[in-house]
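Have a look at the structure below before the remarks.
These numbers were taken from a predicted model, which means no experiment stands behind them.
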Amino acid sequence: MRQTYFISDLHLSENRPDILHAFYQFLDSHMTSNVDALYILGDFFEVWVGDDYETPFTLGIAERLNQLAEKNINVYFVHGNRDFLVGKRFAARASIALLPEQSVIDLYGTPTVILHGDEMCTQDEAYQAFRRKSRGWWWPRLMLAMPLWYRKRVARQAREKSKLSQMDKPPEVLDVTQDAVAKMFEKFAVKNMIHGHTHRPNIHKNEVFGSTRTVLGDWYTQSSYIVANENGLSLHCDPFAK
């Protein structure tokens, strides 16, 4: 039976070799000949300061993704709030296709909207203001015009500020709002949604509207992924092997 996989929020970095190892194990175990596609729904990297930041770490990941293309497995990438600067240069090296922030795909006969999900956390007004700026036309161009060392410093400072900010916010502010979810379903006229960002893996079914929203988990201590086929989808959260 043909299958499609979804992952999100790996937050890959040189500082967490255990997550990178788990990701490579995931590829070795699951990316077999019956897989049609792998969708990466944002925050694949802990931070991305530009495609010109090439290290053995980033080049190794690109090579592993490129190997999927050689196996005729399509890899699609949706930007997250940590890696929205991933561009065409890295995409070409890794043989991945960059998708819009929100896309509707035909998932074995079921129209499904896929996204990272941060735009639905509308109670976090400070973050939404930054999101509008960072996704605008001028801010990414300005940042990428800066020297690499400066971008790395800005990214480090922004991450530290974000951690402090999240500590002061109640959990519900960091989660999606039901109003934003309803508007997303209405916007695309679908009954199925897959996203990440909140690090709260779950399958939410609304019996009144007949909709299903499946949320991927992070990869801090587990491998979280969705497997979809013609019979539906399943959510998996496998703890890292000790």
Side-chain angles (χ1 to χ4, degrees), residues 5-17 19-20 22-24 26-27 37-66 68 75-103 114-121 124 127-128 130-137 139-146 148 150-163 165-166 174 194-199 215-220 223-225:
Y5 281 77
F6 298 83
I7 57 175
S8 180
D9 300 284
L10 281 73
H11 298 271
L12 295 174
S13 74
E14 290 95 334
N15 297 329
R16 288 294 304 268
I19 300 179
L20 183 63
F23 175 57
Y24 287 165
F26 166 81
L27 296 181
L38 171 66
Y39 286 85
I40 303 172
L41 302 187
D43 284 5
F44 183 55
F45 295 101
E46 172 69 6
V47 65
W48 190 263
V49 295
D51 289 2
D52 56 337
Y53 181 59
E54 295 182 339
T55 67
F57 169 75
T58 62
L59 295 176
I61 293 171
E63 176 57 28
R64 288 302 299 264
L65 292 175
N66 185 64
L68 298 184
V75 181
Y76 300 98
F77 188 97
V78 175
H79 293 96
N81 52 293
R82 305 286 185 85
D83 50 21
F84 56 87
L85 289 178
V86 169
K88 295 179 180 179
R89 177 171 163 180
F90 178 80
R93 182 180 291 276
S95 298
I96 63 177
L98 301 178
L99 296 181
E101 292 181 344
Q102 304 150 4
S103 298
I114 60 172
L115 62 161
H116 180 57
D118 56 325
E119 62 266 60
M120 297 189 296
C121 299
D124 193 345
Y127 169 71
Q128 292 301 326
F130 170 75
R131 189 182 190 281
R132 288 190 293 271
K133 178 182 73 172
S134 63
R135 302 304 201 280
W137 67 270
W139 195 88
R141 288 175 172 80
L142 177 63
M143 286 301 300
L144 292 174
M146 298 296 179
L148 181 58
Y150 179 79
R151 280 177 270 147
K152 292 169 67 175
R153 186 177 74 178
V154 169
R156 182 174 62 255
Q157 293 174 344
R159 185 68 198 117
E160 292 173 354
K161 182 179 179 181
S162 175
K163 287 181 179 179
S165 175
Q166 290 183 12
L174 301 175
I194 298 175
H195 71 85
H197 180 66
T198 63
H199 300 191
V215 186
L216 285 154
D218 62 69
W219 280 53
Y220 291 143
S223 300
S224 180
Y225 57 94

Nearest heavy-atom neighbours spanning S8 and L216 = CB-CD1, 3.6 Å
Are any of the side-chain nitrogens in R135 or E119 under 4.0 Å away from the carboxylate oxygens of its partner?
-> no
Please determine which of F6, F77, Y225 meets the ring pair (Phe, Tyr, Trp, His ring centres under 6.0 Å) test together with Y39.
-> F6
May I ask you to check whether over 12 heavy atoms, not counting those of R93, lie within 6.0 Å of atom CZ?
-> no
Which of these passes side chain to side chain contact (heavy atoms under 4.5 Å, CB included) with W219: L10, L20, D43, L12?
-> L10
May I ask you to test the E101-H79 pair for a side-chain heavy-atom distance under 4.5 Å?
-> no
Does the side chain of F130 reach to within under 4.5 Å of the side chain of N81, using non-hydrogen atoms?
-> no
Residues, nucleotides or ligands: over 12 heavy atoms within 6.0 Å of Y150 OH | no
Short side-chain to backbone donor-acceptor contact, Q128 and C121, under 3.5 Å | yes
Given side chains that start at C-beta, do those of L115 and M120 come closer than 4.5 Å, heavy atoms only?
-> yes
What pair of heavy atoms forms the shortest contact from G217 to D9, and how long is it?
-> O-CB, 4.2 Å
4.5 Å side-chain heavy-atom contact, V86 and F44 | no
Which pair of non-hydrogen atoms, one from V49 and one from A155, has the smallest distance, and what is that distance?
-> CG1-CB, 3.7 Å
Check whether any side-chain heavy atom of I40 sits under 4.5 Å from a side-chain heavy atom of I96, and report yes or no.
-> no
Is D51 reaching over with its side chain to a backbone N or O of R89, donor-acceptor style, under 3.5 angstrom?
-> yes
Start with the C-alpha distance between F45 and F90, add both sets of side-chain angles, then the distance that settles ring pair (Phe, Tyr, Trp, His ring centres under 6.0 Å), and finish with yes or no.
-> CA-CA 12 Å; F45 295 101; F90 178 80; 5.7 Å; yes
Would you please indicate yes or no on a ring centroid separation below 6.0 angstrom for Y220 and H199?
-> yes
Rounded to the nearest 0.5 Å, how far apart are CG of L65 and CG of L38?
-> 7.5 Å
To the nearest 0.5 Å, atom OH of Y127 lies from atom OG of S134 at 6.5 Å
Does the H116 side chain pair with the main chain of L41, one donor and one acceptor, at a distance under 3.5 Å?
-> yes
Rounded to the nearest 0.5 Å, what separation is found between the OH atom of Y24 and the CD1 atom of I61?
-> 5.0 Å
With a 4.5 Å limit on heavy-atom distance, are the side chains of R151 and L85 in contact?
-> no
Side chains of D218 and H11, donor plus acceptor under 3.5 Å = no
